Chemist: 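I'd like to ask some things about the structure below.
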Amino acid sequence: MTLRTRFAPSPTGFLHIGGARTALFCHLHTRRHQGTFVLRVEDTDTERSTQEAVAVILEGLHWLGLSPDEGPFFQSHHTQRYLEVVQELLQAGHAYVCTCSKERLDALRERQRENGDKPRYDGLCRELHLPADPQRPHVIRFKTPREGETLWEDRIQGAIRISNGELDDLILVRSDGSPTYNLAVAVDDHDMGITLVIRGEDHISNTPRQIHVFKAMGWEIPDYAHMPLLHGSDGAKLSKRHGAVSVLQYREEGFLPSALNNYLARLGWSHGEQEIFTRAELEQLFDISALGRSAAIFDQAKLLWINGHHIRAATPEQLLPELAYQLTRLGVEPPPSPETLATILPEFQSRAATMVEMAQKCRFLFIDSVQPYEEKAARKHLTTAMRDPLAALAATLETLPEWTIAALESAFQSTLETFHLSMGQLAQPLRVALTGCGASPGILETLWMLGQDKSLNRIQAALDHLAARQP
RNA sequence: GUCCCCAUCGUCUAGUGGCCUAGGACGUCGGCCUCUCACGCCGGUAACACGGGUUCGACUCCCGUUGGGGACGCCA
């Protein structure tokens, strides 16, 4: 049987890093086994589901390169089908009408909690055979077997068994006539021919409920693989309201999708001592059978390291759009030409852990003035003693026939000799003049990237700055 | 509270009874390289939660304790 998996987000908010990891694992495992990856939007909660959330989730998946082979399908389009299944269940005696009020249910749960019991429906309407009277508010519940236990061989967790006595009669159809999650999931997983359900560990408790629906309908039960959750630095599950941010936020912060995928894959999974993986390698190597069973904590520091690695490994062309984007966010408008960016980009690849950082570090090339200087750097390096050497260097640079690294180097060297200066003694003041701060790529490369006009202007500006400080 | 799951350096992990005086990576600390900042390179720091078994021998198997997490909705 060929593998069919699905990723099933609910559109009640953005796609966060934990959801992205689930989607990634599912996608990777499916690729590895030449299966089909289906995307299904679980929007049975019409109150909380929004179109905006759907769009944002799709965008997040697309950015990570996790686009589905089939879908997106929407559960809200399958309502009729779910209700048909419920009719079958009702007729076969696997479901029943329940008229218990929410108030009664709340009171019941409170009492059970006080007694130290597990809160659950007591089955008051279970044997009443109430009619589905449209005039009287009611829900439809599944008649969960009271005896026995439900067990499955989880592909990640191993054997899991839960006695049916732990379960209550879940609601299949709400009083407004809409189907609920557990019904919809079971029906769709069957209808879509899903053979392997890969999802978060937080769904373990739903699995026996869904298996019961499968059994009642006489359907073949899929395999299940419940992956360990992602935790925040406090050790608690990452969720929308707890520490997790949208994956698109990572794009804004200058992370590469290849890096995020690489990092996420290493959370719970490993392949020997390899840390860096390309997407192609992951699709070749990743398998849920190699997953660990314990939750992992999200570590931004390691993500940064991996992102830096992917930035260094990328070609300038690959990074170009991202750099242009980040530069405009920093107010460099319009962004420099692709040719210009491709020329300077290699100088910054080993100097940035994120594309935001890269934009910040090369921004000086594209602005009109780098003043005011970073105070500490200016105070330390831009001293009056440097006036003559800088002026002399400027004079030499002005007459340079060609603006090449080699030409710049000889001009620089001759100035050093004339004034008996060491490399650093001249490079640092010049660096402050050119960039406004004390750190940049090599000084010759910096001059070269900046170009003759801007370099001369900035040296002159620095000399003016020094003159202004003179009494 | 009840049920389910988990447990190796701060973090991610390797380890499937002897190869482990526990390996790698991030971080951190020190050093090298060096015109600055990075990159790179070298080195240090740091862990098998605890208690019982099983065994000639346990990080590895079993039980318990403790700790952590998850689930207990007319949410998904």
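What you see below is based on every heavy atom in this structure, not just the backbone, and it leaves out hydrogens, waters and symmetry mates. Throughout, protein chains are lettered first and strands after them, A, B, ... in sequence-line order, and every chain is numbered starting at 1. Note that the structure is a prediction, hence the values are computed from the model and not measured.
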Chemist: Charged N to carboxylate O under 4.0 angstrom, A:D169 versus A:K143?
Modeler: no
Chemist: Using the P atom on both, measure B:rG70 against B:rG64 and round to a whole Å.
Modeler: 23 Å
Chemist: Would you mind checking if A:D188 and A:R81 are paired as a salt bridge, meaning a charged N to carboxylate O distance below 4.0 Å?
Modeler: no
Chemist: With both distances kept under 3.5 Å, what pairs with B:rA7, Watson-Crick or G-U wobble?
Modeler: B:rU66
Chemist: Do the charged groups of A:D122 and A:R104 touch, with an N to O distance under 4.0 Å?
Modeler: yes
Chemist: Please identify which of these residues, A:L83, A:V139, A:T180, meets the side-chain contact (heavy atoms from CB on, under 4.5 Å) condition with A:V173.
Modeler: A:L83
Chemist: Rounded to whole Å, please give me the gap between CZ in A:R113 and P in B:rG73.
Modeler: 6 Å
Chemist: Once you round it to whole Å, what is the distance between C1' of B:rC35 and CG of A:L434?
Modeler: 12 Å
Chemist: Let me know the distance between NE2 of A:H203 and C1' of B:rC3, rounded to the nearest Å.
Modeler: 18 Å
Chemist: May I have the distance from A:H309 (atom NE2) to B:rC26 (atom C1'), rounded to whole angstrom?
Modeler: 13 Å
Chemist: Within a reach of under 6.0 Å around CD of A:E147, are more than 12 heavy atoms found that belong to other residues, nucleotides or ligands?
Modeler: no
Chemist: Nearest to the side chain of A:K102 - B:rA38, B:rC74, B:rA25?
Modeler: B:rC74
Chemist: Counting only side-chain heavy atoms from C-beta out, which of B:rG24, B:rC6, B:rU36 sits nearest to A:S294?
Modeler: B:rC6
Chemist: Calculate the interatomic distance between A:E166 atom CD and B:rC5 atom C1'; express it in whole Å.
Modeler: 14 Å
Chemist: Which nucleotide, in any strand shown, forms a Watson-Crick or G-U wobble pair with B:rA76, with both distances under 3.5 Å?
Modeler: none
Chemist: Specify the separation, in whole Å, of atom CG of A:N262 and atom P of B:rC12.
Modeler: 17 Å
Chemist: In the structure shown, which nucleotide is the Watson-Crick or G-U wobble counterpart of B:rC61, with both distances under 3.5 Å?
Modeler: B:rG53
Chemist: By nearest heavy atom, map A:L238 and A:D45 onto RNA chain B; which one lands nearer the 5' end?
Modeler: A:L238
Chemist: When you measure from the side chain of A:A296, which nucleotide among B:rA76, B:rC37, B:rU13 comes out closest?
Modeler: B:rU13
Chemist: Please report the distance separating the P of B:rG23 from the corresponding atom of B:rU65, rounded so that it comes out in whole Å.
Modeler: 33 Å
Chemist: Tell me whether the side-chain N/O atoms of A:R120 come closer than 4.0 Å to OP1 or OP2 in B:rG1.
Modeler: no
Chemist: Quick one: which of B:rU11, B:rC74, B:rC5 gets closest to the side chain of A:Q157?
Modeler: B:rC5
Chemist: Watson-Crick or G-U wobble partner for B:rG43, using a 3.5 Å limit on both distances?
Modeler: B:rC29
Chemist: Quantified in whole Å, what is the P atom distance between nucleotide B:rG68 and nucleotide B:rC26?
Modeler: 31 Å
Chemist: Could you check whether A:L267 gets within reach of a base, just the sugar-phosphate, or nothing at all, counting any heavy atom under 4.0 Å?
Modeler: sugar-phosphate
Chemist: Looking only at side-chain N and O atoms, does A:R312 come under 4.0 Å of OP1 or OP2 in B:rG40?
Modeler: yes
Chemist: Using a 4.0 Å heavy-atom cut-off, does A:N206 contact any base of the nucleic acid, only the sugar-phosphate backbone, or nothing at all?
Modeler: base
Chemist: Report yes if at least one side-chain N or O of A:S350 is closer than 4.0 Å to OP1 or OP2 of B:rG40; otherwise report no.
Modeler: no
Chemist: Can you tell me the pairing partner of B:rA22 across any strand shown, Watson-Crick or G-U wobble, with both distances under 3.5 angstrom?
Modeler: none
Chemist: Check A:R40 with A:D191, please: is the shortest side-chain N to carboxylate O separation under 4.0 Å?
Modeler: no
Chemist: Check the distance between B:rC5's P and A:R293's CZ and give it to me in whole angstrom.
Modeler: 12 Å
Chemist: Between P on B:rC6 and CG on A:L230, what's the gap in Å once rounded to a whole number?
Modeler: 18 Å
Chemist: Between B:rU16 and B:rA58, how far is it from one C1' atom to the other, in whole Å?
Modeler: 12 Å
Chemist: Tell me whether the rings of A:F142 and A:H212 are parallel (<30°), tilted (30 to 60°) or perpendicular (>60°).
Modeler: parallel
Chemist: Can you tell which of B:rU36, B:rA76, B:rC26 lies closest to the side chain of A:A301?
Modeler: B:rC26
Chemist: Base, sugar-phosphate, or nothing: which does A:P228 touch, judged by heavy atoms less than 4.0 Å apart?
Modeler: nothing
Chemist: Between A:D299 and A:K302, does any NZ, NE, NH1 or NH2 come within less than 4.0 Å of an OD or OE carboxylate oxygen?
Modeler: no
Chemist: Only pairs with both distances under 3.5 Å count, Watson-Crick or wobble alike; so what is the partner of B:rU36 in this structure?
Modeler: none
Chemist: Between B:rC33 and B:rG43, how far is it from one C1' atom to the other, in whole Å?
Modeler: 15 Å
Chemist: In whole angstrom, give me the gap between the P atoms of B:rU66 and B:rC50.
Modeler: 16 Å
Chemist: With respect to the phosphate group of B:rG73, does any side-chain polar atom (N or O) of A:R109 fall under 4.0 Å of OP1 or OP2?
Modeler: yes
Chemist: Below 4.0 angstrom from OP1 or OP2 of B:rC74, is there any side-chain N or O of A:S175?
Modeler: no
Chemist: Base, sugar-phosphate, or nothing for A:C100, non-hydrogen atoms under 4.0 angstrom?
Modeler: base
Chemist: When all nucleic acid strands are considered with a 4.0 Å heavy-atom cut-off, which category describes A:S205: base, sugar-phosphate, or nothing?
Modeler: sugar-phosphate
Chemist: How is A:S178 classified with respect to the nucleic acid when contacts are heavy atoms under 4.0 Å: base, sugar-phosphate, or nothing?
Modeler: nothing
Chemist: Does a side-chain N or O from A:K237 land closer than 4.0 Å to OP1 or OP2 of B:rG68, or not?
Modeler: no
Chemist: Taking atom types as they are modelled, would you say the side chain of A:R431 forms a donor-acceptor pair with the base of B:rC35 within the 3.5 Å cutoff?
Modeler: yes
Chemist: A:S440 near the nucleic acid: base, sugar-phosphate alone, or nothing, with a heavy-atom cut-off under 4.0 Å?
Modeler: base
Chemist: What contact category does A:I443 fall into here, base, sugar-phosphate, or nothing, at under 4.0 angstrom with non-hydrogen atoms?
Modeler: base
Chemist: With a 4.0 Å cut-off on heavy atoms, is A:G235 in touch with a base, just the backbone sugar-phosphate, or nothing at all?
Modeler: sugar-phosphate
Chemist: Taking the side chain of A:E445 as heavy atoms from C-beta outward, which of B:rC74, B:rC35, B:rG23 is closest to it?
Modeler: B:rC35
Chemist: Against A:S440, only a single residue in A:T446, A:L434, A:L450 fulfils side-chain contact (heavy atoms from CB on, under 4.5 Å); can you say which?
Modeler: A:T446
Chemist: Quick one: look up who B:rU16 pairs with, Watson-Crick or G-U, both distances under 3.5 Å, and put none if it's unpaired.
Modeler: none
Chemist: Counting side-chain heavy atoms from C-beta on, which of B:rC37, B:rC26, B:rG23 comes nearest to A:K361?
Modeler: B:rC37
Chemist: Can you tell me which nucleotide in B:rA25, B:rU13, B:rG70 comes closest to the side chain of A:L229?
Modeler: B:rG70
Chemist: Using a 4.0 Å heavy-atom cut-off across all strands, classify A:G442 as base, sugar-phosphate, or nothing.
Modeler: base
Chemist: Classify the side chain of A:D202 versus the base of B:rA76 as yes if they form a donor-acceptor pair under 3.5 Å and no if they do not.
Modeler: no
Chemist: Does a distance-only test, which skips hydrogens and angles, find a donor-acceptor pair under 3.5 Å between the side chain of A:E275 and the base of B:rG24?
Modeler: yes
Chemist: Could you give the distance separating B:rU8 and B:rG15 at their C1' atoms, to the nearest angstrom?
Modeler: 9 Å
Chemist: Can you check the distance between B:rU28 and B:rC63, where both ends of the measurement are the P atom (answer in whole Å)?
Modeler: 41 Å
Chemist: Hey, which of these two, A:E201 or A:A427, hits RNA chain B nearer its 5' end, going by closest nucleotide?
Modeler: A:E201
Chemist: Is it the case that atom NE2 in A:H309 sees more than 12 heavy atoms from other parts of the structure closer than 6.0 Å?
Modeler: no
